[in-house]
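Here is the structure we will look at, set down as structure tokens.
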Amino acid sequence: AISCSYNKSADDFLSLREYNDYLEEVEAIIYNLSNGYDVEETRQRVEQYKRENQALIMRNRARQLRYGQVLSTQLEVERVEQELRNKRALEEEQEVARSRQRQKDSIIDELVKAIVSLKYRVE
């Protein structure tokens with residue numbers, strides 16, 4: 001795939017104009033190969049680019065791999081943090097529910113005591 005060899009990022013260029021020119025070159029290569037225009041010449045141009053930029057291509061692949069690993073780690077950390085937030089929220093909800101139940105139980109106990117007390121007074 002062309003993107004495996006033409007893997008520069010904007011950081012590899014001194015100016016936005018140079019980066020845009022690079023992107024236009026990549027676009028022209030893909031267009032030519034996809035549409036059958038100057039296929040042999042385009043393939044030779046790609047092979048020459050690969051030979052001349054082999055070290056840069058490998059460096060950028062390694063950078064992309066590291067970036068992917070960092071991104072994967074960040075996503076995992078965010079997932080774990082979200083799980084912890086969800087767990088805390090659930091525990092808080094459960095504690096609120098238990099507290100409400102204790103309040104209800106306390107009110108019921110008070111009512112039962114009051115009823116029993118009234119019953120003994122009536123008798």
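Everything numeric in this text was worked out from a predicted model, so none of it was measured.
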field: Criterion salt bridge (charged side-chain N to carboxylate O under 4.0 Å, His left out) on Glu91 and Arg88, from CA distance to verdict
entry: CA-CA 5 Å; Glu91 289 171 351; Arg88 284 187 205 124; over 6 Å; no
Where do [X] and [Y] come nearest, in terms of heavy atoms and distance?
X	Y	answer
Lys8	Asn60	CA-ND2, 3.7 Å
Arg102	Glu95	NH2-OE2, 3.0 Å
Val26	Tyr6	CG2-CD2, 3.5 Å

Does a side-chain heavy-atom distance below 4.5 Å link [X] with [Y]?
X	Y	answer
Leu23	Glu27	no
Glu92	Val96	no
Asp12	Arg59	yes
Arg66	Arg63	yes

How long is the gap from [atom1] on [X] to [atom2] on [Y], to the nearest 0.5 Å?
X	Y	atom1	atom2	answer
Gln74	Glu81	CD	CD	10.5 Å
Lys113	Glu110	NZ	CD	5.5 Å
Ser15	Asn20	OG	CG	8.5 Å
Glu76	Thr73	CD	OG1	8.5 Å
Arg51	Ser5	CZ	OG	11.5 Å
Leu84	Arg79	CG	CZ	9.5 Å

Single-linkage hydrophobic cluster [X]~[Y], side-chain heavy atoms < 4.5 angstrom:
X	Y	value
Val39	Ile2	yes
Val116	Ile108	yes
Ile107	Ile115	no

Using a cut-off of 6.0 Å, state whether more than 12 heavy atoms not belonging to [X] lie near its atom [atom1].
X	atom1	answer
Gln54	CD	no
Arg85	CZ	yes
Arg61	CZ	yes

task: Could you list the residues that satisfy ring-ring contact (aromatic ring centres under 6.0 Å, His included) with Phe13, not counting sequence neighbours?
output: Tyr19, Tyr22
field: Main-chain N/O of Tyr31 paired to Asn35 side chain as donor or acceptor, under 3.5 Å
entry: yes
task: For the residue pair Asp105 and Gln101, confirm or rule out a side-chain donor-acceptor distance under 3.5 Å.
output: yes
message: Do Glu52 and Gln48 pair up side chain to side chain, a donor and an acceptor below 3.5 Å, judged on atom types alone?
response: yes
query: How would you list, by chain and number, every residue that makes a side chain to side chain contact (heavy atoms under 4.5 Å, CB included) with Thr42, sequence neighbours excluded?
result: Ile29, Asn32, Leu33, Asp38
Salt-bridge contact Glu41-Arg45 (side-chain N to carboxylate O under 4.0 Å): no
